[in-house]
Amino acid sequence: MRIRLALGGGGVRGFFHLGLLQTLEEAGVRVTALAGSSAGALAAAAYAFGLPLRPEPILETTHDPELLRLAKSGKLQSGLLFLKSLRRPALADPERYRQGLTRLFGDARIEDARVPLRIAAADLVTGELVVLDRGPVVDAVLASGSIPGIFPPRPLGSRLLVDGDVAEKVPVSAVADLGTGPLVAVDISNPGPIAPPKNSLEAVLAAGEASRRRLKELALARADLVVRIPIKVPIDTFDFEKAGEVYALGRKEGERLLSRLPRRRLFFGWFGKAKKQ
């Protein structure tokens with residue numbers, strides 16, 4: 001059985017991707033191509049270079065306890081607002097993350113992956129989706145995860161790159177022309193707000209989020225199947241303590257995905273009419 005994967009961003013919720021990938025690998029499903037954005041880029045690269053698909057190795061090398069502390073204290077959002085007044089480039093130093101990625105991938109290059117791999121970032125100036133298919137894995141994953149305000153933009157040639165989620169939350173278009181088999185998009189977004197905004201700041205944030213959700217759904221409509229993280233309460237981007245819980249959800253949804261994939265003899269002509277869930 002063969003599939004293609006587009007893995008979306010979502011911080012610690014990216015461990016959902018690892019759980020899903022581990023389940024697929026154990027079932028003998030062949031991933032013929034994959035693309036990832038932000039946390040999805042890290043998970044895609046881990047799979048493409050044969051890293052263990054478990055939370056511990058990646059958590060040990062990439063999580064930032066300072067960001068966890070800020071997120072839990074509620075100071076992360078206020079810190080971003082504070083940046084605007086001081087004109088600082090970012091809230092966090094990406095060096096810890098770079099060192100962790102280097103321990104994981106060394107000097108590996110995207111074009112040397114065992115399966116076709118693309119990493120999605122966004123051009124900060126134009127808003128365009130930038131698809132990286134060659135060059136150092138560490139640099140590409142850093143650029144794809146450079147959340148504006150949290151991490152500084154990453155220069156690449158004449159471009160200034162930031163988090164791929166800015167351009168395409170789930171990078172379906174990045175993998176559409178690669179590999180064989182149905183294209184499965186994996187969305188690890190938090191559930192949308194259920195209460196109206198209480199102040200002007202919340203209204204501004206809600207408007208931006210509504211726009212991103214609309215763009216995301218347009219991208220997901222181009223996939224053959226959609227997998228969504230089954231959570232009703234939001235999980236903070238940097239709540240690393242939830243990594244194990246999120247990984248377990250990925251394992252369970254991987255089993256559900258297996259049941260949704262048709263037998264080989266039904267592949268032809270089926271996915272044009274498939275009902276997305």
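Here the structure is a predicted model, which means the values were calculated and not measured. Sequence positions, counted from 1, serve as the residue numbers for this chain.
With a 4.5 Å cut-off on side-chain heavy atoms, L18 and I58 count as touching. Annotation: side chain of L117 is not in contact with side chain of Y47 (no heavy-atom distance under 4.5 Å).
With hydrogens and angles ignored, the 3.5 Å screen pairs no side-chain donor or acceptor of K216 with any backbone N or O of V170. With hydrogens and angles disregarded, a donor-acceptor distance shorter than 3.5 Å links the side chain of R4 to the backbone of A176.
A donor-acceptor pair shorter than 3.5 Å cannot be found between the side chains of S146 and D163.
Note on residues 131-142: pairs passing side-chain hydrogen bond (donor to acceptor under 3.5 Å, both in side chains), not counting sequence neighbours, are R98-D139.
Taking 4.0 Å as the cut-off between side-chain N and carboxylate O, R222 and E168 count as a salt-bridged pair.
In this structure D177 satisfies the side-chain hydrogen bond (donor to acceptor under 3.5 Å, both in side chains) test together with R118, sequence neighbours excluded.
Relative orientation of the F238 and F151 rings is perpendicular, given thresholds of 30° and 60° on the angle between their planes.
Between the OH atom of Y247 and the CG atom of L53 there is a distance of 6.5 Å, given to the nearest 0.5 Å.
Within the cation-pi definition used here (under 6.0 Å to the ring centroid, within 45° of the axis), R54 does not qualify as a partner of F15.
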field: Verdict with reasoning, L183 to V172, per side chain to side chain contact (heavy atoms under 4.5 Å, CB included)
entry: CA-CA 8 Å; L183 198 168; V172 173; 4.0 Å; yes
